[in-house]
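Ligands are counted one by one from 1 in listed order, and the atoms in each one are counted from 1 as well.
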Amino acid sequence: MHEDLAEVLLDEDAIRAGIDRLAAEVTETFRGRDLTVVSVLKGSCVFASDLIRRLPIPLELAFVAASSYRDGTESGELSLDFLPAGNEIEGRSLLLVDDILDTGRTMHRLKKEMLAMGAAEVRTCVFLDKPSRRALEFEADFRAFEVDDLFVVGYGLDFAGRYRNLPCVGVLRPEAQERVATRPSATSA
Ligand code: IMP
Ligand code: MG
């Protein structure tokens, strides 16, 4: 599958080092609080599972599904599914975890929803940050890496539902992008 990549931006060692650093920051921030880590599906499942195993503090894990991308690289309508149960959120300190902060719409909307559900505080944590793509003012409290305005795949990030299982992060070759875009596909988030 690496053959479909034109370039690897982050290899496994770089990812590991970035998450170690991030996990130390998150641990100090949430020590002594009632923490719920909310992983935004599907994209953050790989990142969230690596991150929580480096947080040596008590926490609970919840999920929410957000879909903003349809079959390609352009953003569509945002829909939320599987909102966490009230007792996973109410009065608790939340860490919202997503794969990438792009336009900022997903995290902005989710933060608002979680506060409306009664969270005591909501902080946001992203694996990748593309600051040049922001459509509204929003910054993550924690981020592992900043990337340029390129469409990237791997380590949870997909193109038309594919490539989430790559252990590295890279940019697709145009031929691969074309081949995957024209195949019949399931959904992505
Ligand atoms: P936002 O709401 O525009 O910030 O978009 C966030 C969502 O868009 C992420 O959770 C990803 O699913 C998707 N996304 C944005 N940029 C990329 C990318 O470069 N590769 C794969 N997915 C992306
Ligand atoms: Mg996503």
Would you kindly specify which portion of Asp99 sits under 4.0 Å from ligand 1, judged on non-hydrogen atoms: side chain, backbone, both or neither?
side chain
Which atoms of ligand 1 sit under 4.0 Å from any heavy atom of Leu150?
19 (O)
Would you please classify the geometry between the Phe142 ring and the Phe30 ring as parallel, tilted or perpendicular, with 30° and 60° separating the classes?
tilted
Suppose I only count heavy atoms of Thr106 and a 4.0 Å limit; which atoms of ligand 1 are within that range?
1 (P), 2 (O), 5 (O), 6 (C)
Geometric N/O contact Val152 with ligand 1, under 3.5 angstrom
yes
Answer yes or no: does atom CG of Asp148 have more than 12 heavy-atom neighbours from other residues, nucleotides or ligands under 6.0 Å?
no
Neighbour count above 12 (heavy atom, 6.0 Å) for Glu178 CD:
no
Heavy atoms of other groups near Glu175 CD, more than 12 under 6.0 Å:
yes
Under a 4.0 Å heavy-atom limit, does Asp98 contact ligand 1 with its side chain, its backbone, both, or neither?
side chain
According to side-chain contact (heavy atoms from CB on, under 4.5 Å), who are the partners of Arg162, at least two apart in sequence or on a separate chain?
Val180, Arg183
Tell me whether Gly104 reaches ligand 1 (any heavy atom closer than 4.0 angstrom to a ligand atom).
yes
How long is the gap from CG on Leu128 to CZ on Phe145, to the nearest 0.5 Å?
8.0 Å
Is there at least one pair of N or O atoms, one from Met107 and one from ligand 1, spaced under 3.5 Å apart?
no
Quick check on Val147 - does any of its heavy atoms sit under 4.0 Å from an atom of ligand 1?
no
In terms of atom number and element, which parts of ligand 1 are under 4.0 angstrom from non-hydrogen atoms of Lys130?
16 (N), 17 (C), 18 (C), 19 (O)
Taking atom NZ of Lys130 and atom CZ of Phe151, what is their separation to the nearest 0.5 Å?
6.5 Å
